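Inspection log for the structure reproduced underneath, given as structure tokens.
Predicted, not measured: the structure shown is a model, and the values here were computed from it.
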Amino acid sequence: MSTVEIVPFVDEGLGNSAYLLDLGDGRAMVVDVSLDLRATSTAVRRRGLTVAFAADTHLHADFLSGARQLSATEGTQVLASAAGHREFAHNGLRDGDEVDLGGLRLRALGTPGHTHEHLSFLLLDGDKPVGVFTGGSLLVGAAARTDLVSPEQTEALARAQYASLRRLAALPDNVAVWPTHGAGSFCSAPPGAEPTSTIGQEKTTNPLLSAADEDSFVTALLGSLGSFPPYFLRLGEINRRGPGVFDQPPALTGLDVAQTRSLLADGALLVDVRPVADFAAAHVPGALSIPLRPVFASWLGWLVPPDRPLVMLRNPDQDPAEIAWQATKIGYTNLAGELTGGLAAWVADEQPTTTTRLVGPGDVGSPVLDIRQSPEFAAGHLPGALHLELGDVSRRATEVPHGPLVVMCGHGERAMGAVSLLEQAGHRDLAVLTGGPDDWAAATGRRLETGT
């Protein structure tokens, strides 16, 4: 086979890439596809292909795999690590095993570190290595985190990751590197990184491959780890058992105001996915603000319990299917439905609403709470700002001082989420900064502080 056609599917919100490999005979292989198979299905139909193989490099923590769904509905053969002990039909592979793809071969390479059972898949055309699907092992400019199994195993997995990266770096320089985790992934990848690379480029530019020794590598890798959403600790086991197979695409059931009020009274949570300005102008008291955008799934998984019934509230121009798919791909099947007619229906029924004040970058007059990730805060923040990551706001709301407070992030979306959580905890007189620290510095002519 002279030409290898790889089609990447980038999930901007999760910072991940899945891949479609056209095998040249009407069949295809997909690698690390999520349960949201919309882009994959469209590409397969457009090319007139059938998905013969679905390979998973590891038990994913940040999304549910679509491999079992493909197996159940398309007869696709699942390729995955035998050491993963998946509880559904699959071809369990071990280090060195090969799969004949029909003109191409796929060789399993044991590359533990990100997870114990992690495999990379080396694609061979004859005896020529073409590229390697590295999953959560070698990333562009980085390596995936090793702290998702347990604190006690983090260092040992980091040392395994060192050996895995060294093994991959021994491949020829012209071998393409196709990682799963990319820029924006909480599984660790530098912001702004290109989605793919080559072995030679990584040997030249990846700082972890230039570590002096194993101890230096471990220190550098563990020192780069930030926080991650709590749902990461659940999805690996769900992927091992096998995500549920569905006959119909996920959807939101319409609920009238009376049904919505009844569900909320029984403990359901109202998630308002409208833009920041709309939420600020009027929202249902106690609603949680998570604006619908590519990172919606990550923040839903970070801020919302997986077992609490959820009612969604959206604008008419927001896609309910997008809401349902983003929730489903991270295992949130607790969708009670959506408020039919949105906020307008709530207001028409004479139900109460509340507002949140928005503050421009040049009008910050109250104490500031910065809820960005720690590395973001350390890189530059308003002088004297308090700091609490958004993921910790609900758990540590009692530590936030009462009284006037301006909450900020990089643009306003995360800050509004924090304000809605603080309002649930009884805080009042809160405002959201419309912008980030650079906007404040430009508006005031003052310098940001750095460090923690």
Give, for atom CG of L21 and atom CG of L106, the distance between the pair rounded to the nearest 0.5 Å. 8.5 Å
Please report the interatomic distance CG(L300) to CD1(I330), rounded to the nearest 0.5 Å. 4.5 Å
Can you list the steps and then say if L119 with T57 is a side chain to side chain contact (heavy atoms under 4.5 Å, CB included)? CA-CA 5 Å; L119 292 178; T57 57; 5.5 Å; no
Pair K329 + D62: basic N to acidic O under 4.0 Å: no
From the options L390, D392, L386, select the one residue that forms a side chain to side chain contact (heavy atoms under 4.5 Å, CB included) with L388. D392
Within 6.0 Å of CZ in R166, more than 12 heavy atoms from elsewhere: no
Residues in side chain to side chain contact (heavy atoms under 4.5 Å, CB included) with S227, at least two apart? W302, Q373, E389
Check for a donor-acceptor pair, side chain of S289 on one end and backbone N or O of S420 on the other, with a separation under 3.5 Å. no
Whether R241 side chain and E87 backbone form a donor-acceptor pair below 3.5 Å: no
Excluding sequence neighbours, so at least two apart, what forms ring-ring contact (aromatic ring centres under 6.0 Å, His included) with H411? none
Has the side chain of D36 got a donor or acceptor atom that lies under 3.5 Å from a matching backbone atom of T328? no
Less than 6.0 angstrom separating the ring centers of H58 and H60, yes or no? yes
Measuring from L222:CG to Q161:CD, what's the distance to the nearest 0.5 Å? 10.5 Å
Return the minimal non-hydrogen interatomic distance between A397 and H427, and the atom names on each side. O-NE2, 3.1 Å
I'd like to check the salt bridge (charged side-chain N to carboxylate O under 4.0 Å, His left out) partners of D147; sequence neighbours left out, ordered by chain and number. R145
Which pair of heavy atoms, one from Q318 and one from P275, lies closest together, and at what distance? NE2-CD, 4.0 Å
Lys/Arg N to Asp/Glu carboxylate O, R414 vs E376, below 4.0 Å: yes
Given the rule in the side chain to side chain contact (heavy atoms under 4.5 Å, CB included) test, do S366 and L405 qualify, once you have shown the distances and angles that lead to the verdict? CA-CA 5 Å; S366 303; L405 195 66; 5.8 Å; no
Electrostatic pair R167:D95 at N-O distance under 4.0 angstrom: yes
I need the I290 CD1 to R293 CZ distance, nearest 0.5 Å. 10.0 Å
Taken in chain and number order and not counting sequence neighbours, the residues that satisfy ring-ring contact (aromatic ring centres under 6.0 Å, His included) with F377 are H381, H387
From L303 CG over to S298 OG, what is the distance, rounded to the nearest 0.5 angstrom? 10.5 Å
Let me know which of V419, T356, V359 forms a side chain to side chain contact (heavy atoms under 4.5 Å, CB included) with V407. V419
State, yes or no, whether a side-chain contact exists between T198 and N174 at a heavy-atom distance under 4.5 Å. no
Does the side chain to side chain contact (heavy atoms under 4.5 Å, CB included) test come out yes or no for D127 and R105, once each step is laid out? CA-CA 9 Å; D127 292 326; R105 289 180 293 135; 3.1 Å; yes
Heavy-atom count around R446 CZ within 6.0 Å, excluding the residue itself: above 12? no
Would you compute the distance between atom OH of Y19 and atom OG1 of T196 and round it to the nearest 0.5 angstrom? 6.5 Å
Does N239 use its side chain to pair, donor to acceptor, with the backbone of S65 at less than 3.5 Å? yes
Mind checking what makes salt bridge (charged side-chain N to carboxylate O under 4.0 Å, His left out) contact with E152, not counting sequence neighbours? none
Partners meeting salt bridge (charged side-chain N to carboxylate O under 4.0 Å, His left out) with E423 (sequence neighbours left out): none
Can a donor-acceptor pair be found between the side chains of E74 and T76 at a distance below 3.5 Å? no
Quick one: does Q326's side chain have a donor or acceptor within less than 3.5 Å of a partner on A297's backbone? yes
May I ask you to test the D370-L382 pair for a side-chain heavy-atom distance under 4.5 Å? no
